[in-house]
Enquirer: 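Have a look at this one before I ask anything.
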Protein chains: 2
Amino acid sequence: MDTTVNHERNINTIRLLAVDAVEAAQSGHPGLPLGVSPMAYVLWTRHMRFNPANPQWAGRDRFVLSAGHGSALLYSLLYLFGYPGMTLDQLKNFRQYGSLTPGHPEWHLTDGVEVTTGPLGQGIANAVGIALAERHLAATLNRDGAPVADFHTYVIVGDGDLMEGISSEASSLAGHLKLHRLIALYDDNHISIDGSTDLAFTEDVAARYRAYGWNVEEVGDGNDIEGIDAAITRCKSVTDRPSLIRVRTTIGYGSPHRAGTAEAHGTPLGPEETKLVKQRFGFDPDKSFVVYDDVREYFAGFTARGAELEKEYVAMLDEYRKNFPDIAPLYDQWVERRLPENWRDALPKFAVGDDMATRAASGKVLDAIVPKIPMMIGGSADLTPSNNTKFKGSEDLTPANYGGRYVRYGVREHGMGGVMNGMAVTGLIPYGGTFLCFSDYMRPAIRIAALSHYPTIFVFTHDSIGLGEDGPTHQPVEHYAALRAIPNLYFIRPADANETSFGWQIALENRDNPIAFALSRQKLPTLAGTDQGGALKGAYVLIDAEQPDIIIAATGSEVHVAVDAAKILVSHNVSPRIVSMPCWEIFEEQSEEYREEVFPFAVPVIGVEAGVEMGWQGYADGFVGMKRYGTSAPGEVAMDKFCFTAEHVADRAMGLLAEIVSFREVVQNRLESEMMEEMNDEQSAPDEA
Amino acid sequence: MDTTVNHERNINTIRLLAVDAVEAAQSGHPGLPLGVSPMAYVLWTRHMRFNPANPQWAGRDRFVLSAGHGSALLYSLLYLFGYPGMTLDQLKNFRQYGSLTPGHPEWHLTDGVEVTTGPLGQGIANAVGIALAERHLAATLNRDGAPVADFHTYVIVGDGDLMEGISSEASSLAGHLKLHRLIALYDDNHISIDGSTDLAFTEDVAARYRAYGWNVEEVGDGNDIEGIDAAITRCKSVTDRPSLIRVRTTIGYGSPHRAGTAEAHGTPLGPEETKLVKQRFGFDPDKSFVVYDDVREYFAGFTARGAELEKEYVAMLDEYRKNFPDIAPLYDQWVERRLPENWRDALPKFAVGDDMATRAASGKVLDAIVPKIPMMIGGSADLTPSNNTKFKGSEDLTPANYGGRYVRYGVREHGMGGVMNGMAVTGLIPYGGTFLCFSDYMRPAIRIAALSHYPTIFVFTHDSIGLGEDGPTHQPVEHYAALRAIPNLYFIRPADANETSFGWQIALENRDNPIAFALSRQKLPTLAGTDQGGALKGAYVLIDAEQPDIIIAATGSEVHVAVDAAKILVSHNVSPRIVSMPCWEIFEEQSEEYREEVFPFAVPVIGVEAGVEMGWQGYADGFVGMKRYGTSAPGEVAMDKFCFTAEHVADRAMGLLAEIVSFREVVQNRLESEMMEEMNDEQSAPDEA
């Protein structure tokens with residue numbers, strides 16, 4: 001340890017850059033940076049392996065600021081260490097339009113931000129996912145003398161993170177999986193927005209984490225950098241458990257009037273208090289964004305250190321490529337986020353007559369493709385036999401077998417979502433299952449994936465009242481709309497086995513967006529024409545008529561009902577077109593020409609889907625759907641009671657046509673009489689023209 | 001204890017009724033009833049105070065089957081104890097259309113079901129809410145010698161419940177609040193759907209619950225009814241902590257081939273195995289739904305016991321009314337779920353010029369009304385100063401002051417949702433706040449409230465990109481659509497302070513539905529005309545024109561933008577109507593006449609809302625909204641960048657009008673040429689007529 005370094009000044013520089021950024025924005029959270037900077041400093045300067053010049057270096061340790069409202073701390077660090085793009089101007093433009101320094105860190109926006117955080121508890125769940133990915137990648141890719149995928153995952157969590165259920169779920173899983181390279185630093189400041197944590201949070205956090213199977217260390221003073229250093233060192237030596245270091249801190253440390261108060265949390269200190277803090281830290285109270293030369297120099301030293309670390313890694317990698325030519329291509333697939341060549345050849349096609357639930361079809365697709373795509377890693381929130389997520393020959397990922405490619409998440413949907421997101425940013429391709437109804441349990445994780453463009457794949461089965469007897473508590477009706485409402489998320493509801501196969505093609509080829517599948521519990525016929533790849537355009541004409549009178553548009557298990565309705569319509573001399581719409585988001589990306597081709601302007605459309613109407617008004621003139629919750633009854637009874645039958649759909653289609661004909665007549669009559677009037681006007685008042 | 005009673009046969013009768021129900025349905029979960037019947041039997045026969053003839057008796061103990069998939073157990077109990085409507089036919093119609101015995105228990109459907117369960121973790125959170133309500137009601141209503149609101153809350157939980165984050169949140173809160181009348185029985189059967197709980201759930205549950213501040217008891221054998229009895233008795237004597245009794249059970253107990261396996265969980269045993277179970281229990285293997293006379297008689301005895309219990313209670317209540325005439329009316333308000341007379345007089349009105357955020361207006365409304373409505377109980381998930389949920393003069397509800405009417409939920413949104421639902425079924429009127437974006441965290445609880453018609457009030461603030469700098473992680477864009485998609489939920493987004501006041505009127509007068517408010521962080525002008533009560537119809541004409549050319553429909557913070565756009569339009573000789581739509585669900589309940597009056601058929605509509613378009617297609621021909629996530633920037637900058645300005649709205653309105661004029665011309669031209677053709681046809685081919 002270099003004793004000539006002025007650690008205090010270095011730490012206070014981090015603190016004050018954050019304070020100044022918040023002041024400049026007149027918005028933000030000064031309390032966390034003031035309290036937490038010492039632990040962040042120790043972590044980054046003495047333990048974390050990183051190269052500021054290359055934030056994507058595969059060998060780096062990962063840092064997650066789960067308490068994402070402390071973003072100014074992270075941006076200060078990124079600035080001082082010299083991360084690309086993180087200029088002083090960015091700090092000065094904290095929380096401003098177009099900056100790289102938004103209110104909460106965003107993965108897709110800012111180099112050095114490992115995951116998007118802010119919504120509490122997500123970050124620690126992501127960190128569990130990153131640490132799990134590390135164990136799996138290490139087991140898969142490391143070779144003797146070449147630990148190419150060894151790294152630590154560090155996460156700073158606050159009280160809010162630890163109160164959230166998602167962190168309980170993910171932490172319990174991390175303990176179960178013995179993720180020893182995960183080290184959490186707990187900013188135990190005894191303050192939340194409402195005031196003292198005594199108001200609501202008096203549990204024994206350390207005992208809880210021990211109950212999860214974690215190693216727990218305690219540091220009594222958040223400014224005790226040697227104590228923090230020693231605790232981190234001890235945690236790094238633990239090889240069978242993740243670690244939590246409880247560090248007793250003071251929120252807003254250094255602020256004479258705000259330290260230790262809830263007010264310090266999310267309100268700028270204001271100019272007067274800011275001056276006092278600067279004086280307290282021996283800085284010029286009238287200057288902002290100050291970095292003394294020795295401080296600048298100290299942090300600049302990490303540029304060389306980082307380059308050196310990466311150089312060593314690259315040298316090791318060169319040896320690795322030479323010595324282990326078999327495994328090196330897989331390493332490249334990981335780092336370059338590439339799929340293996342020709343993987344698509346493995347996608348199965350299904351013949352008419354191969355009737356099966358789309359969840360079963362999905363299972364067959366996974367059996368075929370996951371063995372070909374080593375970066376895929378499956379799992380389910382304790383619904384494996386229902387979700388059909390476990391591919392043939394897969395082994396469970398366990399502490400004894402981190403190379404396993406199937407994760408038993410337990411009944412922890414939200415935790416699963418957060419963990420999958422963490423794996424996704426690490427370069428794996430995670431997919432995980434639960435019932436569609438329980439997508440609600442993990443919705444905040446789905447949203448973060450969508451906002452951040454994580455390529456996480458959510459496999460939701462039991463996708464409608466067609467699931468039957470489990471009843472309305474388990475029958476999704478609003479979930480199609482609710483998921484389609486999420487920007488950037490691709491929601492795929494395949495009509496049959498072939499559309500399911502193409503659905504997986506969409507899922508794997510869109511690495512910039514999360515995917516949500518809605519798959520049927522019940523058996524569905526494999527339809528003629530679904531094997532032609534129309535699904536890849538999101539929506540397509542499945543059955544056409546020369547001059548269609550009406551279009552029936554449907555998704556999932558209602559497509560075959562529409563196909564049967566078409567037969568009835570034909571017998572009534574009505575010419576229907578059937579459009580299958582497995583993925584609206586993809587369809588909406590197609591050319592206007594194609595979309596107009598599928599839905600010509602003048603042809604009326606009736607939508608059929610076992611969900612609420614919301615969203616369909618954009619496509620359809622009439623709708624057969626759900627207006628209320630479902631019912632506990634055998635699936636076919638439920639479908640029948642709620643009128644998802646060929647007869648009803650055909651009736652409604654003919655009803656709509658009749659309405660439209662009469663509507664046309666009304667318009668025509670009105671226009672005719674207007675023309676008459678105009679002609680009369682012209683005839684009766686020619687002089688006035 | 002009556003030693004002549006054949007407890008084993010009684011218990012096996014419960015077990016086999018459940019097994020037979022599952023067999024009849026060929027669907028359901030036999031494993032739980034087989035394992036858990038002994039503890040349920042001990043609980044109901046030796047501890048629980050209830051009167052089968054009056055499931056609504058206020059003095060009853062509450063029972064929650066958090067592991068709701070074990071519904072057949074609950075229905076067997078309700079049948080044997082003689083609850084209204086629960087006939088043998090209902091058991092035979094388990095999981096069938098129209099029965100009172102759906103796959104998972106539904107509160108609004110079946111007498112004796114205290115809460116809707118099935119989605120895991122909800123039940124235990126509800127139980128915490130019921131137990132919290134009990135403490136609060138006891139503190140408020142009980143008087144010397146008249147404990148009118150004293151009861152225990154018992155809940156049976158499974159592994160799945162305890163893995164869910166919501167149960168962690170609620171249990172931590174229960175420990176914090178020292179809810180000693182809450183006793184949870186943990187069906188510790190070591191099996192989940194995927195197999196052994198060793199696959200995913202190896203934490204030390206007892207240690208975790210002790211860390212939450214719970215008393216934990218252990219019973220080594222799930223068939224040891226005396227051991228269970230003694231443990232419950234011990235728990236009832238604990239007066240400073242909730243209790244968890246960990247009972248080691250065997251899933252599918254008694255089934256020779258399925259006991260202790262995951263297969264027992266959710267698959268009917270099948271006829272052969274069912275016979276073997278019956279033989280094992282000494283029942284005739286060829287008979288179903290058997291209740292021996294002694295068994296029937298034993299359970300029938302609880303009718304008299306229940307009547308006696310209620311009689312004692314009523315006698316006490318009579319004394320109470322006599323001795324404490326001041327408090328008795330409040331008791332009636334509780335039991336009858338009535339609001340006090342004239343409470344509406346307290347609702348404030350706001351004058352034009354009273355500009356304020358709708359969250360601030362909501363705070364003022366709460367200041368005015370909550371003191372008048374003693375059954376209201378507020379709270380926030382650690383965002384009290386942001387949600388404006390703490391009404392003037394309110395005291396925190398704490399173990400030292402259960403009479404307090406403000407709950408500090410901590411950063412536990414999902415737990416808060418579940419706890420509020422529990423309080424709502426108990427007859428309180430709970431409201432609780434968080435940011436709208438974090439409604440996602442509690443969505444499963446919102447859904448259960450909607451499905452079950454719980455009158456829970458969700459107060460969501462910071463309702464759009466207008467919240468500003470916190471950025472896209474905190475800015476809802478899809479949430480309006482996602483919440484409107486939930487059947488039975490009333491989503492209210494008021495335009496200003498007056499609409500907020502009417503919003504609370506809607507919230508309190510609709511006790512059959514949950515309510516979700518979306519309130520602005522930013523200040524909004526109080527508009528002319530919003531004080532007339534139009535909001536009570538869900539949507540109304542705020543500004544009219546004699547002959548409107550176009551309607552601008554908007555909600556919340558976009559209404560004043562629409563009002564300003566109207567001025568611009570008028571200056572361009574366009575006559576706009578402004579429709580404010582604070583609650584679509586209420587509007588859709590209005591007469592067709594009224595709805596047509598607000599949106600006349602022939603007038604084009606442009607919608608304006610800072611959310612995704614989904615749903616608006618049903619009202620609007622054009623839309624100014626969000627197509628992507630927001631941005632971290634000051635609120636007014638964000639609103640401006642995303643075009644929520646009067647100028648842009650006016651432009652879009654004029655653009656829409658121009659499109660419609662040209663569209664009309666197209667239609668007119670087409671019809672004219674058709675008429676010409678027809679005339680030509682008639683002229684050229686008169687002979688063929």
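In what follows, chains carry the letters A, B, and so on, assigned in the order in which the sequence lines appear, proteins first and then strands, with residues in each chain numbered from 1. In what follows, every heavy atom counts, from backbone to side chain, and hydrogens, waters and symmetry copies are set aside. Just so we're clear, the structure is a prediction, and the values are computed from it rather than from any experiment.
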Enquirer: By a 4.5 Å heavy-atom criterion (distance strictly below it), what part of His69(A) contacts chain B: side chain, backbone, both, or neither?
Expert: neither

Enquirer: Answer with side chain, backbone, both or neither: which region of Arg628(B) has an atom nearer than 4.5 Å to a non-hydrogen atom of chain A?
Expert: backbone

Enquirer: Identify which part of Tyr409(B) has an atom lying under 4.5 Å from any heavy atom of chain A, answering side chain, backbone, both or neither.
Expert: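 The answer is the backbone of Tyr409(B).
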
Enquirer: Given a strict heavy-atom distance threshold of 4.5 Å, which part of Asp470(B) is in contact with chain A: side chain, backbone, both, or neither?
Expert: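 Its backbone and side chain both get close to chain A.
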
Enquirer: If I measure from the heavy atoms of chain A, does Pro476(B) come under 4.5 Å with its side chain, its backbone, both, or neither?
Expert: backbone

Enquirer: Counting only non-hydrogen atoms closer than 4.5 Å, does His414(A) touch chain B with its backbone (N, CA, C, O), its side chain (CB onward), both, or neither?
Expert: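 Side chain only.
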
Enquirer: Does the Ser172(B) side chain pair with the main chain of Glu169(B), one donor and one acceptor, at a distance under 3.5 Å?
Expert: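 Answer holds: no.
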
Enquirer: Is Asp161(B) in contact with chain A via its backbone, its side chain, both, or neither, using a 4.5 Å heavy-atom distance?
Expert: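 Neither part; nothing is under 4.5 Å.
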
Enquirer: Quick check: closest heavy atoms across Gly410(B) and Met163(A), and the distance to 0.1 Å?
Expert: CA-SD, 3.8 Å

Enquirer: So which part of Asn93(A) gets closer than 4.5 Å to some heavy atom of chain B, the side chain, the backbone, both or neither?
Expert: neither

Enquirer: Please look at Ala638(B) and chain A and tell me whether the side chain, the backbone, both or neither of the residue comes under 4.5 angstrom of a heavy atom of that chain.
Expert: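 Neither part.
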
Enquirer: Go through the atoms of Thr631(B) and report whether side chain, backbone, both or neither lie under 4.5 Å from a heavy atom of chain A.
Expert: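 Looking at Thr631(B), just its side chain touches chain A.
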
Enquirer: Do His474(B) and Phe438(B) have ring centroids that are under 6.0 Å from one another?
Expert: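 Yes, they do, as the ring centres are separated by less than 6.0 Å.
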
Enquirer: With sequence neighbours left out, what residues match Ser386(A) under side chain to side chain contact (heavy atoms under 4.5 Å, CB included)?
Expert: Arg359(A), Leu383(A), Phe435(A), His462(A)

Enquirer: Name the region of Thr473(B), side chain, backbone, both or neither, that has any atom closer than 4.5 Å to a heavy atom of chain A.
Expert: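 Contact with chain A: backbone and side chain both.
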
Enquirer: Is it the backbone or the side chain of Ala25(A) that comes under 4.5 Å from a heavy atom of chain B, or both, or neither?
Expert: backbone

Enquirer: Can you tell me which portion of Arg484(B) sits under 4.5 Å from chain A's heavy atoms? Options are side chain, backbone, both or neither.
Expert: both

Enquirer: Go through the atoms of Thr384(A) and report whether side chain, backbone, both or neither lie under 4.5 Å from a heavy atom of chain B.
Expert: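 Both parts, backbone and side chain.
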
Enquirer: Quick one: which residue pairs count as a salt bridge (Lys or Arg N to Asp or Glu O under 4.0 Å) with a foot in residues 99-109 of chain B, not counting sequence neighbours?
Expert: none

Enquirer: Is it the backbone or the side chain of Ser439(B) that comes under 4.5 Å from a heavy atom of chain A, or both, or neither?
Expert: neither

Enquirer: With a 4.5 angstrom heavy-atom cut-off, is it the side chain or the backbone of Phe623(B) that approaches chain A, or both, or neither?
Expert: neither

Enquirer: Give the minimum heavy-atom separation between Val477(B) and Arg447(A), together with the two atoms involved.
Expert: N-NH2, 4.0 Å

Enquirer: Which answer fits Ser71(A), side chain, backbone, both or neither, if we ask what part of it has an atom under 4.5 Å from a heavy atom of chain B?
Expert: neither

